Participant: 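Okay, here's the structure, questions in a sec.
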Amino acid sequence: VVDNAEHVTIENSALDQILHLEGNGLSGDFASELSKIQWDACDWHFSGDTATAGPLTAQYILVMDALNFCFWPCPGLEYEHLAKGLKDALTKDSTAFSADKLAMVGFRDTSVYKGRLIHFYKRAQIFVADVWGAYGRQKDASHPYFFHDIHELTMFADYRIPQILRHVGILRYSPSLAERVDRHEVIPFGCPEELEIRACTVIAVEKLREKIRQETGNNLTSVEIDWLLWNWGEQVKDEIKPHHRTLTIYY
């Protein structure tokens with residue numbers, strides 16, 4: 001997709017600049033910045049059995065990541081409302097998210113681009129990453145929630161990271177796409193522009209990951225870079241150009 005993109009390009013020169021911008025989580029002590037990102041740092045998330053590696057937190061995350069952002073564009077509803085509501089439901093009934101009560105949709109995140117089938121699997125990937133994070137980002141291979149291949153996950157291709165990458169000049173939209181995004185026009189799911197935004201974001205983060213490794217020696221995962229960029233994006237989201245709008249069950 002990136003090699004054939006007509007509407008979105010990656011500006012490699014801007015990759016150097018982002019590492020020197022203040023307040024983005026990528027220009028300082030990575031360990032310190034990541035330590036601020038904890039699953040139970042707020043009261044939204046269920047984490048009642050992480051200390052014992054129990055199954056309820058994993059069930060909670062599966063349901064949350066299956067439903068997350070499906071309510072857009074309802075005004076006034078945010079991620080924390082969904083997270084807290086699901087936490088309350090599970091706290092009241094520990095069987096609320098048992099497998100026999102669930103019907104999962106939204107994980108088959110595929111589209112066709114210029115005749116080729118493209119796979120993003122954003123929700124599947126973020127589920128694994130959230131489980132990893134909730135259970136302490138385990139490095140102990142004997143722990144049931146240790147993932148030896150967590151480094152193989154990409155960033156989670158939806159809307160906030162392309163917004164921040166566009167802001168710092170790493171992603172450049174064509175004039176027509178930029179105009180559509182800036183006036184909050186819906187970009188249809190699976191159209192070339194939407195696929196190019198997502199694909200270029202994935203590759204841009206992989207390039208950024210390699211740039212960080214070369215310049216600092218830190219082997220951050222794409223998941224961790226996503227977390228750092230997402231936190232920064234949440235802080236400045238109302239001060240920069242808007243994110244693209246796509247009605248979809250896959251974000």
Side-chain angles (χ1 to χ4, degrees), residues 25 33-109 120-140 143-147 150 153 155-161 163-164 221-238 243 246-251:
E33 293 295 333
L34 286 169
S35 70
K36 301 174 185 177
I37 304 174
Q38 299 293 332
W39 179 255
D40 55 358
C42 60
D43 66 351
W44 309 335
H45 294 141
F46 180 88
S47 59
D49 63 349
T50 55
T52 58
L56 294 182
T57 299
Q59 292 175 6
Y60 165 83
I61 293 170
L62 177 64
V63 174
M64 185 185 68
D65 284 339
L67 295 176
N68 189 12
F69 302 124
C70 289
F71 46 71
W72 186 90
C74 298
L77 287 176
E78 298 290 346
Y79 168 81
E80 57 264 32
H81 300 128
L82 171 66
K84 187 66 165 58
L86 294 176
K87 176 184 177 181
D88 291 344
L90 187 57
T91 300
K92 293 175 183 177
D93 178 5
S94 63
T95 70
F97 303 147
S98 297
D100 60 344
K101 297 182 178 180
L102 301 178
M104 289 290 121
V105 296
F107 286 90
R108 192 172 183 177
D109 184 5
F120 287 104
Y121 297 141
K122 181 261 179 170
R123 290 193 185 279
Q125 292 202 91
I126 202 171
F127 167 63
V128 174
D130 281 346
V131 168
W132 180 60
Y135 288 89
R137 307 172 200 169
Q138 290 297 321
K139 298 181 180 179
D140 178 2
H143 194 280
Y145 293 102
F146 166 78
F147 301 127
I150 194 70
L153 294 185
M155 58 75 60
F156 316 121
D158 48 31
Y159 66 96
R160 184 68 71 215
I161 307 304
Q163 180 190 19
I164 199 70
T221 64
S222 296
V223 169
E224 291 168 324
I225 295 173
D226 183 290
W227 288 344
L228 292 170
L229 290 173
W230 190 88
N231 272 13
W232 182 29
E234 284 294 295
Q235 294 171 24
V236 301
K237 63 184 179 182
D238 296 325
H243 62 77
T246 295
L247 286 168
T248 174
I249 64 172
Y250 298 117
Y251 283 17

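All residue numbers in this chain count up from 1 along the given sequence. Nothing here was measured: the structure is a model prediction, and the numbers come from that model. Heavy atoms only: backbone and side chains are in, while hydrogens, waters and symmetry mates are out.
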Participant: Got a sec, which residues hit side chain to side chain donor-acceptor pair (under 3.5 Å) with Lys87, two or more places apart in sequence or on another chain?
Facilitator: none
Participant: Can you measure from NE2 (His81) to CG (Leu86) and round to the nearest 0.5 angstrom?
Facilitator: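 The distance works out to 13.0 Å.
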Participant: Begin with the C-alpha distance, continue with both residues' side-chain angles, and end with the deciding distance and a verdict on salt bridge (charged side-chain N to carboxylate O under 4.0 Å, His left out) for Lys122 and Asp109.
Facilitator: CA-CA 7 Å; Lys122 181 261 179 170; Asp109 184 5; over 6 Å; no
Participant: Report yes if some heavy atom in the side chain of Tyr121 is under 4.5 Å from a heavy atom in the side chain of Val128; otherwise report no.
Facilitator: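 When only atoms from C-beta onward are counted, Val128 and Tyr121 do not touch, as no gap falls below 4.5 Å.
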Participant: Less than 4.5 Å apart, any side-chain heavy atom of Asn68 and any of Arg123?
Facilitator: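 Result yes, sub-4.5 Å side-chain heavy-atom pair found.
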Participant: Measure the spacing between OG1 of Thr221 and CZ of Phe147 and express it to the nearest 0.5 Å.
Facilitator: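 Atom-to-atom, Thr221:OG1 and Phe147:CZ are 13.0 Å apart.
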Participant: If I compare all heavy atoms of Gln138 with all of Phe146, which pair ends up nearest, and what's the gap?
Facilitator: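 Closest approach of Gln138 to Phe146, heavy atoms only: O-CD1, 3.2 Å.
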Participant: For Asp100, enumerate each residue passing the side chain to side chain donor-acceptor pair (under 3.5 Å) test, keeping only those at least two apart in sequence or located in another chain.
Facilitator: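 Scan of Asp100 (side chain to side chain donor-acceptor pair (under 3.5 Å), adjacent residues dropped) gives none.
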Participant: CE/Met155 to CD/Glu224 distance, rounded to the nearest 0.5 angstrom?
Facilitator: 14.5 Å
Participant: Please name the pair of heavy atoms, one in Ala89 and one in Ala96, separated by the smallest distance, quoted to 0.1 Å.
Facilitator: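 Reported closest heavy-atom pair: O-CB, 4.1 Å.
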Participant: Go through the steps for Arg137 and Ile37 under the test side-chain contact (heavy atoms from CB on, under 4.5 Å), then give the verdict.
Facilitator: CA-CA 11 Å; Arg137 307 172 200 169; Ile37 304 174; 3.8 Å; yes
Participant: Any side-chain heavy atom of Ile61 within less than 4.5 Å of one from Trp39?
Facilitator: yes
Participant: Thr57 versus Tyr135: any side-chain heavy-atom pair under 4.5 Å?
Facilitator: yes
Participant: Please round to the nearest 0.5 Å and tell me the distance separating atom NZ of Lys36 and atom CG of Leu34.
Facilitator: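 CG of Leu34 is found 10.0 Å from NZ of Lys36.
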Participant: For the residue pair Trp44 and Tyr79, does the interplanar ring angle fall in the parallel (under 30°), tilted (30 to 60°) or perpendicular (over 60°) class?
Facilitator: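 Taking Tyr79 first and then Trp44, their aromatic rings stand perpendicular (interplane angle over 60°).
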Participant: Going from OH on Tyr159 to NZ on Lys237, what distance comes out if it is rounded to the nearest 0.5 angstrom?
Facilitator: 7.0 Å
Participant: Have a look at Trp227 and tell me which of Ile225, Val223, Asn231 forms a side-chain contact (heavy atoms from CB on, under 4.5 Å) with it.
Facilitator: Val223
Participant: Could you tell me which non-hydrogen atom of Glu33 sits nearest to which non-hydrogen atom of Leu228, and how far apart they are?
Facilitator: CB-CD2, 3.7 Å
Participant: What's the shortest heavy-atom distance between Lys101 and Thr95, and which atoms?
Facilitator: NZ-OG1, 2.9 Å
Participant: With rounding to the nearest 0.5 Å, note down the distance linking OH in Tyr251 to CZ in Phe120.
Facilitator: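 Going from OH on Tyr251 over to CZ on Phe120, the span is 8.0 Å.
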Participant: Are any non-hydrogen side-chain atoms of Phe46 and Leu56 less than 4.5 angstrom apart?
Facilitator: yes
Participant: What are the two closest non-hydrogen atoms of Pro55 and Tyr145, and how far apart are they?
Facilitator: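 Taking Pro55 first and Tyr145 second, the nearest heavy atoms are CA-OH, 3.9 Å.
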Participant: Show the numbers, then the answer: is there a side-chain contact (heavy atoms from CB on, under 4.5 Å) between Asp158 and Trp230?
Facilitator: CA-CA 11 Å; Asp158 48 31; Trp230 190 88; 5.6 Å; no
Participant: What pair of heavy atoms forms the shortest contact from Ser222 to Leu153, and how long is it?
Facilitator: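 In terms of heavy atoms, the two residues are closest at CB-O, 3.5 Å.
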Participant: Would a 4.5 Å heavy-atom cut-off, applied to side chains only, mark Asp130 and Met64 as touching?
Facilitator: yes
Participant: Passes salt bridge (charged side-chain N to carboxylate O under 4.0 Å, His left out), Lys84 versus Asp88? Steps please.
Facilitator: CA-CA 6 Å; Lys84 187 66 165 58; Asp88 291 344; 3.2 Å; yes
Participant: Once you measure the plane-to-plane angle for Phe97 and Tyr60, does it fall in the parallel (<30°), tilted (30-60°) or perpendicular (>60°) bin?
Facilitator: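 Rings of Phe97 and Tyr60: tilted, 30 to 60°.
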